[in-house]
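Written out below as structure tokens is the structure these notes cover.
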Number of protein chains: 2
Amino acid sequence: MFSKACEYGIKASIFIALNSYQEKRVSLKAIAKEIASPEAFTAKILQDLARHNIINSVKGAHGGFEINKKQISEIKLEQIVKAIDGDKIYNGCGLGLHTCDENHPCPVHDKFKDIRNDLKIMLETTNLEELALDIKAGASFLKI
Amino acid sequence: MFSKACEYGIKASIFIALNSYQEKRVSLKAIAKEIASPEAFTAKILQDLARHNIINSVKGAHGGFEINKKQISEIKLEQIVKAIDGDKIYNGCGLGLHTCDENHPCPVHDKFKDIRNDLKIMLETTNLEELALDIKAGASFLKI
DNA sequence: TTTATTTCGGATATTTTTATCCTATTTATA
DNA sequence: TATAAATAGGATAAAAATATCCGAAATAAA
Ligand code: FES
Ligand code: FES
């Protein structure tokens, strides 16, 4: 469904958000450990998220990653997915036709579009805050 | 969502079904042309589907691929997807945890499982016959 | 100002997916 | 029986995704 890069990006963002509530900046190393992801690969993804202004990176000693506390509840999964995987999950045809077009539908178009739309709505309405709170409450997990 | 192999497998199966209704066996070449897929790669996928008894292959002159007419309405998309992509689409965690487990959910589990279940139901209830009929009626397309 | 820490970013490596090539095998028919 | 037409399947190649390495740049603190 999502690429590995996107999975890491989502999990990392949640962990960063969680720490940002406590004014704590987290290092790449801490993130990779917490979400069980390869460090260098995760670094690339974090750079990408920083370039998209989803997270903030601070270089140098005592540097790391953080998210503006006030923005956490405004950041939707959709932004992360679009930043990393692009919007093919929204516009792509389920059977790989060049474009998903109501006027030139593939055989599964009608059945597929509803599911894809539900996914779209889910991504557009889910924000980082709620996900971080679940982790904090021990109601969900970032690894294993 | 689906792998390229799976997309080709679904489209090929629909085209084979369509022809099998008219007692026509279709060649690899004809299939690849009709669904705009690479011939040799498509051959591998068809072999896979044949091994899974979803389609039937006939070697030699006047050979090709066909589906037992009476089975066309019984073949569900689910069988094709499972044969090619396996069942990770059913059991896999949306964020890549080892297993999707209600008791050890990832942050998006609750929101994800409903969408995944809708997809599952769609695949389990959609059969080749209805898809082939749409193609025949010009209501859907296999390429471009 | 030096040092330790940490992200940045380019280059490279590995793995997986997608695609191609070639020979063997099977089968209908001339 | 010889030939042509097809699929089967192993080997290989190309492309994309995933992962690693390393030096450069930035920054805090000694
Ligand atoms: S055309 Fe294939 S999903 Fe819309
Ligand atoms: S645990 Fe991640 S989708 Fe169920």
Side-chain angles (χ1 to χ4, degrees), chain A residues 1-13 15-16 19 24-67 81 83-86 88-89 92 95-96, chain B residues 1-13 15-16 19-20 24-33 35-67 81 83-86 88-89 92 95-96:
Chain A
M1 187 80 84
F2 304 121
S3 67
K4 278 281 162 200
C6 196
E7 291 177 4
Y8 297 151
I10 292 172
K11 290 191 278 193
S13 297
F15 182 61
I16 296 168
N19 281 275
K24 276 195 277 183
R25 211 175 265 166
V26 279
S27 70
L28 167 63
K29 186 171 290 195
I31 294 168
K33 187 175 182 188
E34 188 68 19
I35 71 175
S37 67
E39 212 172 297
F41 188 47
T42 305
K44 303 293 187 196
I45 298 159
L46 294 175
Q47 282 167 38
D48 207 7
L49 292 176
R51 273 190 292 269
H52 279 85
N53 297 310
I54 293 169
I55 65 178
N56 186 243
S57 74
V58 179
K59 278 179 155 187
H62 297 147
F65 298 88
E66 64 193 8
I67 302 178
V81 172
I84 300 172
D85 281 352
K88 62 179 184 297
I89 206 166
L95 292 186
Chain B
M1 187 79 82
F2 304 121
S3 67
K4 277 283 162 200
C6 195
E7 291 176 3
Y8 297 150
I10 292 172
K11 290 191 278 193
S13 298
F15 183 62
I16 296 167
N19 282 274
S20 292
K24 277 195 277 182
R25 211 175 263 164
V26 279
S27 70
L28 167 63
K29 187 171 290 194
I31 294 168
K33 187 175 182 189
I35 71 175
S37 66
E39 212 173 296
F41 187 47
T42 306
K44 303 294 187 195
I45 299 159
L46 294 176
Q47 283 168 38
D48 208 7
L49 292 176
R51 273 190 292 268
H52 280 85
N53 297 116
I54 293 169
I55 64 178
N56 186 243
S57 75
V58 180
K59 278 179 154 187
H62 296 146
F65 298 88
E66 63 193 9
I67 302 177
V81 172
I84 300 173
D85 281 353
K88 62 179 184 298
I89 206 165
L95 292 186

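As rounded to whole Å, 17 Å separates atom C1' of dT16(C) from atom CD1 of Ile84(B). When rounded to the nearest whole Å, the span between CZ of Arg51(B) and C1' of dG10(D) equals 12 Å. Whole-Å rounding puts the Gln47(B) CD to dT25(C) C1' distance at 12 Å. Taking atom CZ of residue Phe41(B) and atom P of nucleotide dA11(D), one finds them 19 Å apart after rounding to whole Å. Between Leu28(B) atom CG and dA5(D) atom P the separation is 15 Å, expressed in whole Å. The CD1-C1' distance, from Ile55(A) to dC8(C), rounds to 13 Å in whole Å. Between Lys4(A) atom NZ and dA16(D) atom P there is a gap of 21 Å when expressed in whole angstrom units. The distance from atom NZ of Lys44(B) to atom C1' of dT7(D) is 11 Å, rounded to the nearest whole Å.
Of the candidates dA6(D), dC8(C), dT27(C), the closest approach to any side-chain atom of Ser27(B) belongs to dA6(D). When distances run from any side-chain atom of Phe65(A) to the nucleotides dT7(D), dT29(C), dC8(C), the shortest one goes to dC8(C). Listed candidates were dT20(C), dT18(D), dT25(C). Nearest to the side chain of Ala5(A) is dT18(D).
Side-chain atoms of Asp48(B) and His52(B), non-hydrogen and from C-beta on, do get closer than 4.5 Å to each other. Side chains of Glu39(B) and Leu28(B) form a contact here, defined as non-hydrogen atoms less than 4.5 Å apart. The shortest distance between side-chain heavy atoms of Leu46(A) and Ile16(A) falls below 4.5 Å. Between Ile84(A) and Phe2(A), every side-chain heavy-atom pair lies at or beyond the 4.5 Å cut-off.
If you check every strand for non-hydrogen atoms under 4.0 Å, Lys29(B) touches nothing.
Residues Ala43(A) and Ala61(A) both approach DNA chain C. Their nearest nucleotides, taken by heavy-atom distance, put Ala61(A) toward the 5′ side.
Contact check, Tyr8(B) against dT18(C): no side-chain N or O comes under 4.0 Å of OP1 or OP2. Remark: His62(A) is in phosphate contact with dA29(D), judged by side-chain N or O atoms under 4.0 Å from OP1 or OP2. Side-chain nitrogen and oxygen atoms of Ser57(B) include at least one within less than 4.0 Å of the OP1 or OP2 phosphate oxygen of dA8(D).
Side-chain atoms of Asp85(A) come within 3.5 Å of backbone atoms of Ser3(A) as a donor-acceptor pair (strictly under, hydrogens ignored).
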